[in-house]
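One structure below.
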Amino acid sequence: METHASNMTRRRYRTSRHMRGLCAEVRLHTQGFIQPLFVDEALTSPRPAAGLPGVMIDTPDSIMETVSSDLVAGVEKFLIFPIPSKSMDGGFDFRFASSVISGLRTAFGDEIWLAADVCLCSYTSHGHCGILNEDGSRLMNAETVRVLADYASVLAHAGVDCIAPSDMTDGRVAAIRRRLDAEGYDHVSIMSYAAKFASQFYGPFRDACHSAPVGAGLRDRRTYQISPLHGGDAVDTALRDLSEGADILMVKPAALYTDIIASIRRETLAPIAAYHVSGEYAALEGLVREGLADRATAHLEVWTALQRSGAGIIISYAARPAKAWIQNHSP
Ligand code: PBG
């Protein structure tokens with residue numbers, strides 16, 4: 001009876017920062033953070049990304065300074081989104097992306113870990129993630145996969161550490177893995193956007209990358225990205241990608257899909273990356289702007305939830321200040 005009564009006193013766990021820290025099940029560490037980077041071939045000076053406070057879209061020159069100052073701040077892992085100046089729906093030209101990556105590799109060597117998004121949405125005139133059929137009503141799988149494998153090969157040759165395919169066609173992880181291995185890039189890893197949902201929370205990103213679907217054909221990405229109504233599809237897609245050779249499985253959006261993170265974690269011990277996407281970041285920053293939340297504490301709370309669910313890797317637009325926040329924040 002007595003024991004039962006004392007266990008009712010849950011507040012002993014909460015008495016001080018020492019007790020809260022001691023009993024913490026989640027300890028964030030910057031080793032697991034990845035900072036997204038945008039670089040736009042058409043820009044002559046960096047511009048702020050709409051809706052994303054603290055995020056800049058770099059020029060091919062300014063990206064060097066950004067990475068340089070990030071390294072000083074202790075940020076060393078990046079996911080880069082190269083945005084070409086010209087749109088193209090065939091005869092894809094990956095020279096811009098390639099030059100950015102080889103430039104970064106030459107300048108920073110193995111001081112940085114560099115993943116590159118592999119998708120066609122910032123290339124195509126219609127903004128879809130792959131090649132469409134003649135009347136624009138369908139995304140063609142095999143044709144798209146072939147081009148993505150070419151793109152991955154170019155990026156590997158330029159010196160990228162990790163290929164991150166985000167298009168959501170079937171079979172692209174296997175095709176990319178096969179291609180990389182055949183060309184001697186067996187050391188280059190694949191972080192698959194595996195559990196990628198058709199979401200309204202990619203808005204600020206699409207604005208930054210000029211990649212929102214436009215035109216008379218397919219209106220949205222629901223024929224290739226996963227339905228939020230079908231969580232099991234995300235889990236099975238992640239396991240499928242793992243069997244095709246993915247090294248890291250990504251879930252995105254992140255904070256709305258912690259159930260999916262937890263479900264994948266139950267099925268495999270492979271590393272899971274949670275991408276707190278642009279719209280999720282923007283929503284949180286909106287609260288901060290209104291004076292309704294503390295910025296550092298709010299981001300730390302989100303990251304804690306992601307890690308608690310089973311994600312050891314966090315992709316966040318606030319990875320940059322993460323180190324200072326983690327260090328200075330008392331539990
Ligand atoms: C490209 C891609 C998208 C994001 C990452 N890669 C947008 C989309 O699928 O429309 C979203 C990232 C973000 O919102 O932060 N396919």
Side-chain angles (χ1 to χ4, degrees), residues 33-40 48-57 78-84 87 92 94 97 115-124 126-132 139 144-145 147-148 151-152 155 162-169 172-173 176 190-215 218-228 234 237 241 248-257 273-286 299 302 306 313-320:
F33 280 77
I34 299 175
Q35 172 71 47
L37 296 172
F38 297 110
V39 53
D40 187 338
L52 302 177
V55 178
M56 297 299 287
I57 303 167
F78 303 94
L79 172 58
I80 195 163
F81 296 92
I83 309 159
S87 55
F92 289 90
F94 300 121
D117 187 85
V118 163
C119 190
L120 300 179
C121 65
S122 54
Y123 288 81
T124 54
H126 43 68
H128 281 289
C129 300
I131 300 167
L132 298 185
L139 191 131
T144 301
V145 168
V147 176
L148 293 172
Y151 192 4
L155 298 176
C162 177
I163 299 289
S166 69
D167 55 290
M168 294 304 283
T169 53
R172 91 276 206 219
V173 172
I176 290 170
I190 298 178
M191 173 165 67
S192 172
Y193 286 69
K196 177 172 180 178
F197 288 89
S199 174
Q200 284 303 305
F201 288 84
Y202 307 145
F205 173 95
R206 289 179 187 171
D207 186 72
C209 291
H210 315 299
S211 67
V214 290
L218 272 186
R219 297 212 166 275
D220 55 45
R221 305 211 203 286
R222 283 186 289 180
T223 62
Y224 45 101
Q225 297 181 347
I226 297 169
S227 164
T237 301
D241 285 6
I248 301 171
L249 303 172
M250 190 198 295
V251 177
K252 74 178 272 206
L256 294 171
Y257 295 92
Y275 192 159
H276 195 233
V277 297
S278 59
E280 296 182 291
Y281 174 88
L284 194 158
E285 293 288 327
H299 281 286
V302 170
L306 302 182
I313 301 170
I314 292 169
I315 305 170
S316 168
Y317 293 97
R320 207 159 266 142

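Indexing begins at 1, ligand by ligand and atom by atom, following the structure's order.
For the pair Glu280 and Tyr275, the tightest heavy-atom approach, listed with the atom from each and the gap, is OE1-O, 3.5 Å. Closest heavy-atom contact between Gln35 and Ala318: OE1-C, 4.2 Å. Of all heavy-atom pairs spanning Leu79 and Ala116, the tightest one is CD1-C, 4.0 Å.
Nearest to atom 9 (O) of ligand 1 among the protein's heavy atoms is Lys196 NZ, 2.6 Å. Regarding atom 5 (C) of ligand 1, its nearest protein heavy-atom neighbour is Lys252 NZ, 2.8 Å. In this structure, atom 3 (C) of ligand 1 lies nearest to the protein heavy atom Phe205 CE2, 3.2 Å. Scanning the protein for heavy atoms near atom 15 (O) of ligand 1, the closest one is Tyr317 OH, 2.6 Å.
Remark: ligand 1 atoms within the under-4.0 Å shell around heavy atoms of Ser278 are 13 (C), 14 (O), 15 (O). Atom numbering of ligand 1 starts at 1 in the shown order; those under 4.0 Å from a heavy atom of Cys119 are 1 (C), 16 (N). In summary, the atoms of ligand 1 found under 4.0 Å from a heavy atom of Arg206, numbered by their order in the structure, are 8 (C), 10 (O). Those atoms of ligand 1 with a heavy atom of Cys129 less than 4.0 angstrom away are 16 (N). Within ligand 1, counting atoms from 1 as listed, the ones closer than 4.0 Å to a heavy atom of Phe81 are 5 (C), 6 (N). Atoms of ligand 1 found under 4.0 Å from any heavy atom of Cys121, numbered from 1 in the order shown, are 1 (C), 16 (N). Each of the atoms 6 (N) of ligand 1 lies under 4.0 Å from some heavy atom of Asp117. Near Ser166, with a cut-off below 4.0 Å to any heavy atom, the atoms of ligand 1 are 1 (C), 2 (C), 6 (N), 16 (N).
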Query raised in the report: Given the rule in the side chain to side chain contact (heavy atoms under 4.5 Å, CB included) test, do Leu218 and Tyr224 qualify, once you have shown the distances and angles that lead to the verdict?
Result: CA-CA 11 Å; Leu218 272 186; Tyr224 45 101; 4.2 Å; yes
Query raised in the report: Does the pair Gln225 and Ser199 meet the rule for a side chain to side chain contact (heavy atoms under 4.5 Å, CB included), with working shown?
Result: CA-CA 8 Å; Gln225 297 181 347; Ser199 174; 5.8 Å; no
Requested in this report: Step by step, work out the side chain to side chain contact (heavy atoms under 4.5 Å, CB included) result for Tyr317 and Phe205.
Outcome: CA-CA 11 Å; Tyr317 293 97; Phe205 173 95; 3.8 Å; yes
Requested in this report: Applying side chain to side chain contact (heavy atoms under 4.5 Å, CB included), run through Ile131 and Phe92 and close with a yes or a no.
Outcome: CA-CA 11 Å; Ile131 300 167; Phe92 289 90; 4.1 Å; yes
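Here Tyr151 and Tyr123 bring their ring centres to under 6.0 angstrom of each other.
A heavy-atom distance below 4.5 Å is found between the side chains of His210 and Asp40.
Residue Tyr281 places every heavy atom at 4.0 Å or more from ligand 1.
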